[in-house]
Protein chains: 2
Amino acid sequence: MFIYYRAMRVKDEIKQEAIIQATVDLVNEIGFVSSSVAKIAKRANVSPATIYIYYQNKEDLLVSTYMQIKTCLGQALMDHFDPSFPVRDALMNAGINLFNYISKHADMFYFTEQFANSPYNDLVDKTEIEQVFQPLFDMLKRGIKEKIIKDVPVELLHSHLYYPIFNLANPRLNPNFKASPKDIELAMSMAWDAIKL
Amino acid sequence: MFIYYRAMRVKDEIKQEAIIQATVDLVNEIGFVSSSVAKIAKRANVSPATIYIYYQNKEDLLVSTYMQIKTCLGQALMDHFDPSFPVRDALMNAGINLFNYISKHADMFYFTEQFANSPYNDLVDKTEIEQVFQPLFDMLKRGIKEKIIKDVPVELLHSHLYYPIFNLANPRLNPNFKASPKDIELAMSMAWDAIKL
């Protein structure tokens with residue numbers, strides 16, 4: 001019985017992953033408006049009814065997809081993150097993780113960037129996303145307290161730390177420049193120069 | 001005859017502006033795929049035939065709209081730009097101009113960000129866009145030569161100078177933080193810390 005239940009759960013997860021991937025692929029190809037639940041179901045090789053088991057409607061599916069990718073991004077960012085690390089090491093490591101995640105998941109990134117600049121973004125619970133990144137914000141506050149980071153609004157700090165990476169990792173924005181691992185280390189040490197006291 | 005011609009030209013420009021604005025508004029509302037030439041014409045209060053006078057097809061209209069906004073952005077960025085200015089002043093001033101442009105034209109910005117992360121971006125002639133920003137790139141090269149800016153790839157420099165501003169100016173990404181003019185000056189002085197030698 002346990003094994004049967006477990007197999008069901010794994011099957012469910014595979015289905016959900018297929019739905020998320022189909023949503024990303026279809027939205028990237030034909031846009032948010034044309035991507036209907038029926039078309040996404042067809043692409044994911046499931047019935048529309050299956051999608052409605054997990055998601056209330058199309059908006060719910062799109063917002064959930066966005067939240068799931070942002071959560072994965074947050075987890076990737078925080079890979080090997082240790083609150084006891086020196087502030088500089090922890091923040092720079094997160095930037096390198098960010099670059100690696102975007103480079104490997106360009107399709108997910110195109111989806112989230114389009115989503116974040118669409119009206120659907122207004123439906124997102126921002127506090128839920130902020131929770132994913134909370135350990136990083138705590139690290140920034142620790143740096144300010146320890147007087148090694150500038151005492152400026154945290155939005156300025158994270159903009160300087162991670163937005164240059166968003167640009168450098170996006171192949172569509174820089175078709176003629178492929179940042180090497182050394183470039184990304186350099187970029188993160190420049191980001192540190194921006195925020196350090 | 002001259003006056004007649006001039007009046008025609010002004011009328012043409014007004015029509016073209018209406019078409020661009022209608023394209024931006026409609027794409028922001030219903031996305032790239034659903035925005036047909038017929039719907040854009042209706043929104044702009046012109047006939048579809050009028051659009052086909054200026055643009056070959058929908059792709060041409062979308063790409064032209066993107067190029068036109070990017071050109072306006074470049075011109076706004078370079079407002080009061082003087083190649084004889086000190087490097088730091090010139091680069092920081094451009095960042096403040098960028099913030100002001102995006103803050104005033106959020107609709108245009110949402111369009112370009114969605115466009116840049118869509119497959120349509122592959123249709124854009126990147127060298128034409130780069131020309132708009134050439135005086136800035138020249139300024140960066142001057143700074144490297146004068147040994148006041150780090151000798152790193154120019155993509156790293158401009159990512160640190162202007163991408164934090166893209167984030168700070170986007171109200172959808174920071175619904176709970178409205179950067180003040182003082183914050184933007186601060187952000188640009190942090191950007192300078194990132195790139196200075």
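None of these values were measured; they are calculated from a predicted model. Here is the naming used below: chain letters follow the sequence lines, and residue numbers restart at 1 for every chain.
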**Student:** Is there a side-chain contact between Glu29(B) and Val33(A) (heavy atoms, below 4.5 Å)?
**Tutor:**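 SC-SC contact between Glu29(B) and Val33(A) ruled out.
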**Student:** What's the separation between atom CD in Gln114(A) and atom CZ in Phe115(B), rounded to the nearest 0.5 Å?
**Tutor:**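 These two atoms lie 11.0 Å from each other.
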**Student:** Using every non-hydrogen atom in the two residues, find where Ala187(A) and Leu156(B) come nearest and quote the distance to one decimal.
**Tutor:**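 That would be N-CD2, 3.9 Å.
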**Student:** Rounded at 0.5 Å granularity, tell me how far CG in Asn170(A) sits from OH in Tyr163(B).
**Tutor:**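 Interatomic distance, Asn170(A) CG to Tyr163(B) OH, rounded to 0.5 Å: 7.5 Å.
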**Student:** Where does Asn28(A) contact chain B at under 4.5 Å (heavy atoms): side chain, backbone, both or neither?
**Tutor:**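 For Asn28(A), the contact with chain B is made by the backbone alone.
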**Student:** Pick whichever of Glu155(B), Lys126(B), Lys196(B) has the most heavy-atom pairs under 4.5 Å with chain A.
**Tutor:**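 The residue among Glu155(B), Lys126(B), Lys196(B) with the greatest pair count is Glu155(B).
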**Student:** Does anything in residues 71-89 of chain A reach chain B? List residues with heavy atoms under 4.5 Å apart, or say none.
**Tutor:**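 So no residue qualifies.
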**Student:** Below 4.5 Å, heavy atoms only, C-beta onward: do Asn167(A) and His158(B) meet side chain to side chain?
**Tutor:**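 A side-chain contact under 4.5 Å exists here.
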**Student:** Picking from Ser189(A), Ala191(A), Ser118(A), which has the most non-hydrogen pairs under 4.5 angstrom with chain B?
**Tutor:**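 Winner by heavy-atom pair count: Ser118(A).
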**Student:** Taking every heavy-atom pair that is under 4.5 Å apart, which of Ala106(B), Ser34(B), Gly31(B) has the most such pairs with chain A?
**Tutor:**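 Heavy-atom pairs under 4.5 Å are most numerous for Ser34(B).
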**Student:** Please give me the minimum heavy-atom distance between Leu157(A) and Met190(B), naming the atom from each residue.
**Tutor:**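 Nearest heavy atoms, Leu157(A) then Met190(B): CD2-CE, 3.9 Å.
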**Student:** Side chain, backbone, both or neither: which part of Pro153(A) has a heavy atom under 4.5 Å from chain B?
**Tutor:**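 Contact with chain B involves the side chain of Pro153(A) alone.
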**Student:** What is the minimum heavy-atom distance between Lys150(B) and Asp193(A), and which atoms define it?
**Tutor:**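 For Lys150(B) and Asp193(A), the tightest heavy-atom pair comes out as NZ-OD2, 2.5 Å.
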**Student:** In terms of heavy-atom pairs under 4.5 Å with chain A, which of Val124(B), Ile195(B), Val152(B), Ile165(B) leads?
**Tutor:**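 Among the listed options, the one with the most contacts to chain A is Val152(B).
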**Student:** Hey, is CD on Gln68(B) packed in by over 12 heavy atoms from elsewhere, all under 6.0 Å?
**Tutor:**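 Counting other residues, nucleotides and ligands, CD of Gln68(B) stays at 12 neighbours or fewer.
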